[in-house]
Amino acid sequence: MIFEYDILVIGAGHAGCEAAAAAANLGMKTCLMTIDMNKIAQMSCNPAIGGIAKGQIVREIDALGGYMGFVTDSTSIQFRMLNRSKGPAMWSPRAQCDRTKFSILWREILENIPNLHMWQDCATELIVENKKAVGVKTQLGAEFRAKSIIITAGTFLNGLMHIGKVQIEGGRIAEPAAKGLTESIIKHGITSGRMKTGTPVRLDKRSINLQLTDIQPGDTDFHSFSFDKVERSLQQKPCWGCYTNPEVHETLRDGLADSPLYNGQIQSIGPRYCPSIETKIVTFAERDRHLLFLEPEGETTQEIYVNGFSSSLPMDIQLNALRKIPALKDAVAYRPGYAIEYDYFDPTQLRHTLESKIIENLYFAGQVNGTTGYEEAAGQGIIAGINAAQKIKGGEEFVLHRNEAYIGVLIDDLVTKGVDEPYRMFTSRAEYRILLRADNADSRLTEKAYKLGLATEKRYQRLQYKTKKRDEIIEFIESFSVKANLINEGLETLGTTPLTRGCKLASIIERPQVTIEGIAKFIPALESRLSRLGDDRDEIVESAEIEIKYRGYIERERELAQKMQRLENIRIKGRFDYNNLESLSTEARQKLTTIQPETLAQASRIPGVSPSDINVLLVLAHK
C-alpha cells in the first residue's frame with residue numbers, strides 16, 4: 001500500500017514532534033511515523049527540560065510557535081531559574097516534568113493539529129530517485145511517498161544497549177532498534193558514525209531515607225517557559241541532593257573490568273559534559289565525592305531519577321555502589337542504568353536549513369546530527385519542519401544567525417565544525433550571549449514566526465503590547481529626575497550610597513543594589529506607572545531593568561554582531577575552486593572544499609581556516 005504526503009517525519013521524539021507540528025501548521029499534509037505511539041516525545045533520560053543554555057533554546061522554540069515550552073509549563077512539577085546570582089545572559093530556566101503527562105499532552109496536541117497524521121511503524125529503507133528523497137519503505141510493508149522527508153530517529157538507528165557484559169539491541173529500554181535505514185542512506189554518499197550516551201538507575205522513593213539528603217525546592221515567581229500564560233496545575237515537588245563517597249568509588253573501581261566503557265566493548269564516543277559515574281571516578285580520580293540529584297519522575301509516581309549516576313556497569317555493581325551512600329542504604333531499583341550506542345550522520349553534509357547537500361529534500365534533525373539533549377533536538381526539529389515546508393511552498397529559506405538565536409549557534413556549529421562527540425549547548429558557545437537572553441527570545445523571534453504563519457495573532461499582539469509598555473517604562477526612567485532629599489532615605493534602606501545632588505532615575509537603577517520594583521516604593525510617579533501594567537508587570541519590569549542595567553554591554557555586542565554581519569553578507573558558495581587557490585593553506589583548501597561554506601563568515605568559523613585565509617578570500621571576493 002502506498003501513502004502520499006507533502007512531508008514525512010521519521011521518529012516522534014522531541015525533534016520529530018516539533019518538525020511535524022511546524023510543517024502541519026504551515027499547511028503541509030504531514031505524517032509523523034513512530035515505532036510506538038505511546039512513547040511520543042518520551043523523556044528517554046532525565047525527566048526535565050531546560051538548564052544552562054538549553055532553557056534559552058526552549059524559549060526560542062516557544063517564540064517560534066513551537067510547543068515544548070507550553071507542554072513543559074503544563075506538566076511541570078518544579079521550576080527553577082538557574083544562575084540567578086550571575087548576569088541575565090546566564091539566567092537559564094529549568095523544569096522537572098511529569099514524564100507520563102508530558103508525553104500524553106504532546107500526543108493530544110499532535111492529534112488535534114489539522115493536516116497532521118500519525119502512523120505506527122518503522123522505516124527500513126529510504127527511497128531516492130534522481131538524487132532526491134521521495135519516500136520510505138516500512139517494516140509493515142507500506143510505502144510512503146513525500147515531497148520532503150525529515151529523519152529524526154534519535155538513538156534508534158542500529159541502537160545497541162549495554163549493561164555490563166549484557167548487550168541488547170534497542171533504541172531505548174524495552175523498545176526495538178531501527179534496522180536498515182542507516183544502510184539505505186549511506187549508500188548514497190552520506191557519512192555515518194557511532195555515538196554513545198547513557199542513563200542512570202531509577203529508584204523507588206520509598207526506599208530512600210530523604211532525611212539524610214539536602215532538599216532542593218523550586219521557585220514560585222512569575223518565570224516560565226512559554227510566553228503565553230500557562231498555569232502550573234500539577235503539585236510542585238522538591239528534588240533532593242546527596243553525595244557519593246570513597247566507598248562508592250571503591251566499589252565502582254572494582255567493577256571497571258566489567259565496564260563496557262573500559263573493556264573495549266563500547267568503541268564510540270560519549271558526551272563529554274554528561275559523563276557516566278565510572279568516567280567521573282577515572283577522570284577526576286583526586287575527588288572523593290560527586291554530587292547526585294534525586295529527581296521525581298512525576299506528580300504521583302514513586303520513581304526517582306538519580307541525576308549524576310549514569311552508568312553501563314553491571315547492575316549489581318551499580319546498586320552495591322549506591323547502597324554505600326547513607327541515604328540510599330536500603331535503595332530498591334526499578335531498573336538499572338545503561339549505555340546505548342547508535343548511528344548518527346555527519347552534520348557538515350547539511351545546509352543551514354538542515355537539508356542534506358547530497359540528497360535533495362532530505363532533512364536531518366536531533367541526535368542523528370550528533371547532538372545530545374531534548375532541547376537541542378527540538379530546536380533543530382522546528383527549523384527542519386519550517387524549511388521543508390518553505391521549500392515546498394516556494395518560500396524563502398528560514399535560517400537563524402548566531403546573533404539571533406542559540407538555535408542559530410547550534411546549527412551553525414553543527415554544519416560548519418561538525419562533531420566528534422555528542423554536542424551539547426552551553427552559553428559559552430555563543431559569542432553574542434548578552435543578546436541571546438532567555439527574557440528576550442520573544443522580541444528576537446516572534447515577529448519572524450508571525451510572518452511565517454506559525455505565531456498567532458494573539459501572540460504577536462501580546463509581544464507588541466509588552467514591547468510598547470517596556471519602552472514607555474525605560475523612557476520614563478531615563479527622563480525622570482530625582483532629588484537627593486526626597487530619595488536618600490530610600491537609597492539607604494536599599495543599602496546603597498545616598499545622593500549628594502539630583503540625577504536621572506536611570507543612573508540610580510544602574511546601581512547593583514537597586515531594582516525598579518525596590519526603588520518604586522519611594523517614587524510614587526514610578527509606582528503609579530508600574531501599577532497600570534496589570535498581570536504582565538513582572539515580565540515587563542524585568543525586561544526594562546535588564547535593558548537599563550546592561551545597556552553598555554548590549555550595545556557593544558550589537559556593534560560586534562553588525563561587523564560580523566558584513567562577512568555574513570559576502571556569499572562565496574560556488575565562487576571558488578579552493579583546490580586551485582595556492583595562496584590558501586593546505587588545511588584550509590581541504591576544509592573549504594569539504595564544507596563549501598555559504599558565506600565568508602561561515603568560512604571564518606571552520607576549524608583550520610585561519611584569519612590570513614579569510615583575508616585571501618575577502619580580496620578575491622571583492623575582485
Side-chain angles (χ1 to χ4, degrees), residues 13-14 39 42-48 51 54 99 153-175 177 193-203 244 248-249 251-253 255-284 290-295 297 303-322 333-344 366-368 370-377 419-424:
H14 302 276
K39 298 291 178 64
Q42 177 77 332
M43 291 174 157
S44 307
C45 193
N46 196 346
K54 293 168 175 281
R99 180 194 300 276
T155 61
F156 279 75
L157 298 180
N158 293 318
L160 180 64
M161 294 175 285
H162 301 262
I163 306 171
K165 295 180 180 179
V166 176
Q167 298 182 51
I168 308 167
E169 290 188 351
R172 205 162 34 213
I173 197 76
E175 295 180 63
R194 296 282 278 175
M195 280 189 175
K196 167 260 172 188
T197 189
T199 192
V201 62
R202 306 309 201 267
L203 298 179
T244 62
V248 175
H249 298 184
T251 302
L252 294 171
R253 285 193 196 95
L256 286 180
D258 293 321
S259 167
L261 285 177
Y262 292 97
N263 64 14
Q265 189 173 306
I266 291 178
Q267 299 290 328
S268 48
I269 303 297
R272 178 193 304 266
Y273 301 105
C274 188
S276 66
I277 188 64
E278 52 263 44
T279 300
K280 288 180 186 178
I281 64 167
V282 171
T283 306
F284 306 104
H290 294 283
L291 178 61
L292 305 179
F293 289 107
L294 308 178
E295 302 175 345
E297 294 260 354
E303 190 173 0
I304 294 292
Y305 177 95
V306 186
N307 192 338
F309 206 84
S310 175
S311 181
S312 60
L313 285 162
M315 64 179 76
D316 60 326
I317 294 173
Q318 294 183 38
L319 285 172
N320 288 337
L322 282 171
Y334 281 106
R335 62 176 170 83
Y338 63 91
I340 181 168
E341 293 182 284
Y342 55 93
D343 294 336
Y344 79 98
Q367 284 181 277
V368 293
T371 62
T372 181
Y374 314 139
E375 304 82 3
E376 290 91 340
V419 291
D420 55 11
E421 62 185 40
Y423 180 103
R424 178 177 180 175

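As the structure is a prediction and not an experimental result, all values here were calculated from the model.
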Output side-chain donor-acceptor pairs under 3.5 Å for residues 161-168, partner residues at least two apart or in another chain, one line each.
residue, atom, partner, partner atom, Å
His162, ND1, Gln265, NE2, 2.9
His162, NE2, Glu341, OE1, 2.8

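A distance-only check finds a donor-acceptor pair linking the side chain of Thr244 to the backbone of His290 [under 3.5 Å]. Side chain of Tyr344 to backbone of Pro422: no donor-acceptor contact under 3.5 angstrom is found.
Interatomic distance, Thr372 OG1 to Arg272 CZ, rounded to the nearest 0.5 Å: 13.5 Å. Atom CD of Glu278 is separated from atom CZ of Phe309 by 8.0 Å, given to the nearest 0.5 angstrom.
Among Thr279, Ile277, Leu322, Val306, the single residue meeting the side chain to side chain contact (heavy atoms under 4.5 Å, CB included) criterion with Ser311 is Ile277.
When every heavy atom of Leu252 is checked against every heavy atom of Ala321, the shortest pair comes out as CD2-CB, 3.7 Å. Nearest heavy-atom pair, Gly198 versus Cys45, reported as atom, atom and distance to 0.1 Å: O-SG, 3.7 Å. Ser310 approaches Pro275 most closely through the heavy-atom pair CB-O, 4.5 Å.
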Exercise for review: Would you sort out whether Lys196 and Ile269 count as a side chain to side chain contact (heavy atoms under 4.5 Å, CB included), showing the intermediate values?
Suggested key: CA-CA 6 Å; Lys196 167 260 172 188; Ile269 303 297; over 6 Å; no
Practice item. Give the C-alpha distance, both sets of side-chain angles, the deciding distance and a yes or no for side chain to side chain contact (heavy atoms under 4.5 Å, CB included) between Thr371 and Tyr423. Key: CA-CA 4 Å; Thr371 62; Tyr423 180 103; 4.2 Å; yes
Exercise for review: Show the numbers, then the answer: is there a side chain to side chain contact (heavy atoms under 4.5 Å, CB included) between Thr155 and Ser44?
Suggested key: CA-CA 10 Å; Thr155 61; Ser44 307; 5.9 Å; no
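A 6.0 Å sphere centred on CZ of Arg335 holds more than 12 heavy atoms belonging to other residues, nucleotides or ligands.
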